[in-house]
Amino acid sequence: SLPIDHGHLCPAGDNKWSKEAMFETFYLTNMCPQNSTLNRGDWEELERRCRGWAKHYGDVYIVTGPIFYNSEYKTIGNNVGVPDAFFKIVLCTNKSPKALGFIYPNERINQKMFHYLVSVDKVEEVTNIDFFSFLEDSIEDIVEAESNLNDW
């Protein structure tokens, strides 16, 4: 089996504003078993891009989590579930609202970011979660259907 990291859902690097906040990112409730190559490669690249977008646009909402495609899945240690994949959604509500969805297989993988790009609608379909219900429906419908890296 391939090496597994404690993959942070909210990266420590996003919490440099507070020593306590950064410390809290190391709780196991903020981690999932993540393929080491993914965690230290493509996923880390996405986290860096998200930090850049947050600095550039200001108010950016980021939602991250594990995906289990089936009720049967691999476990490690004390029966800790190993996700099949991870999702990340980035929403910018400034000026003209826009969003990006990503699904990264929890595997040893090395692809360009657009390879993982999906609509927020697709992430909602896979996770069965309605993410941006607080948005006005007309805006929600548009940002969840479109996912264009060139807009960012």
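Start at 1 with the first residue, then count along the sequence.
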Please find the pair of heavy atoms, one from [X] and one from [Y], that lie closest to each other, and give the distance.
X: W152; Y: C92; value: CH2-CB, 3.5 Å
X: P105; Y: L38; value: O-CD2, 3.3 Å
X: A145; Y: D121; value: CA-OD2, 3.4 Å
X: P33; Y: P83; value: O-CD, 3.4 Å
X: V90; Y: C50; value: CG2-SG, 3.6 Å
X: V60; Y: W53; value: CG2-O, 3.8 Å

Could you check Y69 against V126 for side chain to side chain contact (heavy atoms under 4.5 Å, CB included), going step by step and ending with a plain yes or no? CA-CA 8 Å; Y69 289 116; V126 170; 3.6 Å; yes
I'd like to know if E125 and K122 make a salt bridge, using a cut-off of under 4.0 Å between side-chain N and carboxylate O. yes
Nearest-0.5 Å distance that lies between atom [atom1] in [X] and atom [atom2] in [Y]:
X: I142; Y: K98; atom1: CD1; atom2: NZ; value: 14.0 Å
X: F132; Y: Y61; atom1: CZ; atom2: OH; value: 9.5 Å
X: C32; Y: N106; atom1: SG; atom2: CG; value: 8.5 Å
X: D84; Y: I103; atom1: CG; atom2: CD1; value: 11.5 Å
X: L46; Y: L117; atom1: CG; atom2: CG; value: 10.0 Å
X: M31; Y: C10; atom1: CE; atom2: SG; value: 11.0 Å

Non-neighbouring partners of F102 that pass ring pair (Phe, Tyr, Trp, His ring centres under 6.0 Å), sequence neighbours left out: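 Listed in chain order: nothing, the list is empty.
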Should the ring pair Y73 and F68 be called parallel, tilted or perpendicular, given that the plane angle runs from 0 to 90° and is split at 30 and 60?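 Ring orientation, 0 to 90° scale: tilted.
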What is the ring orientation for Y104 with Y116, classed by angle as parallel under 30°, tilted 30 to 60°, or perpendicular over 60°? parallel
Within the structure provided, determine whether [X] and [Y] are in side-chain contact (heavy-atom separation under 4.5 Å).
X: V143; Y: L91; answer: yes
X: N15; Y: F23; answer: no
X: P97; Y: L135; answer: no
X: E140; Y: D130; answer: yes
X: R51; Y: P11; answer: yes
X: L100; Y: S147; answer: yes
X: D14; Y: T25; answer: no
X: T64; Y: F86; answer: no

Kindly say whether Q34 contributes a backbone atom to a donor-acceptor pair with the side chain of N39 at under 3.5 angstrom?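 No; zero donor-acceptor contacts below 3.5 Å.
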Backbone N/O of T37 and side chain of N35: donor-acceptor pair under 3.5 Å: yes
Going through the distances and angles, do H8 and F26 end up as a side chain to side chain contact (heavy atoms under 4.5 Å, CB included)? CA-CA 8 Å; H8 286 72; F26 290 90; 3.4 Å; yes
Run the side chain to side chain contact (heavy atoms under 4.5 Å, CB included) test on M113 and D42 for me, step by step, so that the C-alpha distance in whole Å, both residues' side-chain angles and the decisive distance to 0.1 Å come before the verdict. CA-CA 7 Å; M113 189 174 291; D42 291 1; over 6 Å; no
Do S138 and E136 have side-chain N/O donor and acceptor atoms under 3.5 Å apart?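 Yes.
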Do [X] and [Y] belong to the same hydrophobic cluster, where Ile, Leu, Val, Met, Phe, Trp and Tyr are linked whenever their side-chain heavy atoms lie under 4.5 Å apart, directly or via other members?
X: L9; Y: I4; answer: no
X: F134; Y: I139; answer: yes
X: W43; Y: I109; answer: yes

